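Residue numbering restarts at 1 for every chain, and letters A, B, ... go by the order of the sequence lines. In this text, all values refer to a predicted model and were calculated from it rather than measured experimentally. For the numbers below, each heavy atom of this structure counts, side chains included, while hydrogens, waters and symmetry mates do not.
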Protein chains: 2
Amino acid sequence: MAKKHPNKLSGDVHGEVARRFIKHDQRYTSQRRLIVTVLSASDRPLMIQQMLKRSSDAKKVLAQSSLYRNLVVLEAVGVVQRIFSTDDVARYELNDDILGHHHHLVCSKCGDIRDVRIPDSIESSLDSTLTKIAKHSGFQLDQHRLDLIGRCSRCV
Amino acid sequence: MAKKHPNKLSGDVHGEVARRFIKHDQRYTSQRRLIVTVLSASDRPLMIQQMLKRSSDAKKVLAQSSLYRNLVVLEAVGVVQRIFSTDDVARYELNDDILGHHHHLVCSKCGDIRDVRIPDSIESSLDSTLTKIAKHSGFQLDQHRLDLIGRCSRCV
DNA sequence: GTTCGTGCAAATACTTTGCACGTAT
DNA sequence: ATACGTGCAAAGTATTTGCACGAAC
């Protein structure tokens with residue numbers, strides 16, 4: 001369905017993830033490994049239902065409640081991040097620093113999200129501007145979120 | 001509590017809103033007017049509960065279900081837009097083209113959002129880049145969303 | 001008088017939690 | 001042995017909807 005995401009650590013995602021689990025004294029269980037595998041095989045953030053489907057397609061058992069619970073842990077450990085679209089459905093993807101910094105094409109009709117990258121030159125001038133603005137506002141900046149909102153090719 | 005938002009149409013917000021209602025063959029009722037008044041008096045997007053409180057503070061009756069329903073209409077007519085924070089609570093503000101284009105400081109701890117503006121020069125180079133990217137991806141770009149994620153001054 | 005708006009209460013959708021059992025250290 | 005993970009079903013929370021009544025055109 002979707003081509004593999006061209007990630008930063010072309011290959012050893014699980015190694016890096018395992019390291020983060022250890023650092024936080026958490027266990028990298030097989031279910032958590034499964035979730036990471038599913039996410040890293042996607043070129044876009046996934047909804048709960050999509051993750052469940054892909055897990056069962058892979059003949060793995062994964063209860064919805066366990067998925068929710070594991071996503072909380074994965075987020076705390078810094079492995080996945082939640083993405084907000086234009087609907088109320090939670091979507092998750094691997095952390096920016098695993099996947100590589102990128103942005104999203106968000107379809108306001110169907111809510112689907114696709115990953116995109118913007119040129120480093122724009123990215124860095126943006127960064128320095130945002131840093132100044134944050135400082136000026138007494139805000140501690142962790143990251144920025146830049147999304148393109150519109151219609152995906154399927155929604156005209 | 002909050003200073004008035006420095007909007008584009010310094011003054012006649014209701015006139016412009018009324019025009020948009022007429023264009024869409026919708027009625028600009030007193031409740032809808034109330035919602036617009038509440039939103040335009042705020043310097044940040046508001047949650048449902050905040051809008052209800054401010055309405056009742058103004059001694060106005062506004063049922064929660066009517067608020068939700070009216071927000072759907074207000075959004076369809078192009079008067080308000082929904083803002084997505086880092087939680088699941090819907091927040092609304094007047095449309096970008098009424099308020100003037102701006103961005104958000106989003107607190108990942110408490111979810112609160114504050115409005116900020118970035119320099120026109122950055123904004124326009126960003127715009128032209130995003131336009132190219134969208135075209136290249138077969139995506140019909142309507143708007144962009146740029147948020148600064150971090151901790152607000154109250155959340156350290 | 002017919003169409004649209006409103007309030008109330010019930011329903012829905014997504015997410016979280018309690019509990020009993022299984023797995024890892 | 002003890003602490004943590006998992007599945008199931010129940011509970012929560014934000015939002016939506018059905019219905020009867022009221023207001024606007």
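Dashed line: the shortest gap from a side-chain N or O of A:Thr29 to OP1 or OP2 of D:dT6 is under 4.0 Å.
Here A:Arg91 contributes atom CZ and A:Ile113 contributes atom CD1; the two are 5.0 Å apart, rounded to the nearest 0.5 Å. If you take CG on A:Leu126 and OG1 on A:Thr131, they are separated by 9.0 Å, rounding to the nearest 0.5 Å. Of the inter-residue distances, the one linking B:Thr129 atom OG1 with A:Ile118 atom CD1 reads 6.5 Å to the nearest 0.5 angstrom. Atom-to-atom distance recorded for B:Leu39:CG and B:Leu99:CG is 9.0 Å, nearest 0.5 angstrom.
In this entry the distance linking CD1 of B:Ile22 with P of D:dC25 reads 11 Å, nearest Å. Regarding A:His24, its NE2 atom lies at a distance of 17 Å from the C1' atom of D:dC4, rounded to whole Å. Between the CG atom of B:Asp87 and the P atom of D:dA14 there is a distance of 10 Å, rounded to whole Å. For the pair B:Gln64 CD and D:dA14 C1', the interatomic distance rounds to 8 Å; values are reported in whole Å.
Using a 4.0 Å cut-off on heavy atoms, the residues of residues 66-84 of chain B that approach DNA chain C are B:Ser66, B:Arg69, B:Asn70, listed by number.
Taking the six-membered ring where the residue is Trp, the centroids of A:Phe84 and B:Phe84 are separated by 6.0 Å or more.
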Inset, instruction - Given side chain to side chain contact (heavy atoms under 4.5 Å, CB included), test B:His102 with B:Glu93 step by step and report yes or no. - result: CA-CA 11 Å; B:His102 64 279; B:Glu93 70 177 6; 2.9 Å; yes

Legend entry - Evaluation steps, side chain to side chain contact (heavy atoms under 4.5 Å, CB included), between B:Val116 and A:Phe139: CA-CA 11 Å; B:Val116 283; A:Phe139 187 85; over 6 Å; no

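A:Asp57 CG: more than 12 foreign heavy atoms inside a 6.0 Å radius.
Both B:Ser65 and B:Arg27 sit near DNA chain D, but only B:Ser65 has its closest nucleotide nearer the 5' end.
Here the side chains of A:Asn95 and A:Arg20 are in contact, with some heavy-atom distance below 4.5 Å.
Aromatic ring pairs are classed by plane angle as parallel below 30°, tilted from 30° to 60° and perpendicular above 60°; the pair A:His103 and A:His144 is parallel.
Contact check on A:Asp88 versus B:Arg82 returns a salt bridge, with a Lys/Arg side-chain nitrogen under 4.0 Å from an Asp/Glu carboxylate oxygen.
With a cutoff of under 4.0 Å to any heavy atom of chain B, the contacted region of DNA chain C is bounded 5' to 3' by C:dT3 to C:dA9.
Rounded to 10°, the angle separating the first-five-pair axis and the last-five-pair axis of the helix from C:dG1-D:dC25 to C:dT25-D:dA1 equals 30°.
Within the 4.0 angstrom heavy-atom criterion, only backbone atoms of the sugar-phosphate kind lie near A:Gln31; the bases stay farther away.
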